[in-house]
Amino acid sequence: MSDPLLILAVTILAAIIAIALIIWAVRIAQRPRNALLHGGLSPELLARALELKATDQFDQAVFLVRGETGLSHRAATRLVRKLRPAPPAPPAPPAI
């Protein structure tokens with residue numbers, strides 16, 4: 001024979017887990033991590049943010065990226081931390 005209290009407890013636990021998973025999925029969907037890949041940032045914005053970062057103005061670079069892209073503070077900070085200057089172009093081969 002089933003204990004009604006045990007059935008109620010298991011049902012409540014399952015409902016709590018389902019609600020937590022739904023909330024987690026909604027939060028993940030609201031902050032896509034790859035929204036700016038493949039040309040989402042202009043070269044001018046990247047250059048200015050790199051310049052600010054190079055002159056130890058990290059917060060200003062984050063503020064600039066947030067203002068231009070609409071990213072959250074956390075996402076803009078992550079993006080600015082990952083910015084690296086482009087490697088120098090290889091030297092041209094000597095003309096013959």
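All values below were derived from every heavy atom in this structure, side-chain atoms included, with hydrogens, water molecules and symmetry-related copies excluded. Bear in mind the structure is a predicted one, so any value in this text is a computation, not a measurement.
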Spell out, as yes or no, whether a donor-acceptor pair under 3.5 Å connects the side chain of Arg84 to the backbone of Arg81. yes

Polar side-chain atom of Lys53 near backbone of Ala61 as donor-acceptor pair, under 3.5 Å: no

Atom CZ in Phe63, atom CD in Glu68: separation rounded to 0.5 Å? 10.5 Å

CG-CD1 distance between Leu21 and Ile17, expressed to the nearest 0.5 angstrom: 7.5 Å

Ile16, Ile23, Ile22 screened by side chain to side chain contact (heavy atoms under 4.5 Å, CB included) with Ile19, the one that passes: Ile23

If Ile, Leu, Val, Met, Phe, Trp and Tyr residues are connected whenever their side-chain heavy atoms lie under 4.5 Å apart, and connections chain through other members, are [X] and [Y] in the same group?
X	Y	answer
Val62	Leu64	yes
Leu83	Phe58	yes
Leu50	Leu71	yes

Distance-minimising heavy-atom pair for Thr69 and Leu45: CG2-CD2, 4.0 Å

Non-hydrogen atoms of Thr11 and Ile7 that approach each other most closely: OG1-O, 2.7 Å

Hits for salt bridge (charged side-chain N to carboxylate O under 4.0 Å, His left out) against Glu51, two or more places apart or cross-chain, chain-then-number order -> Arg48

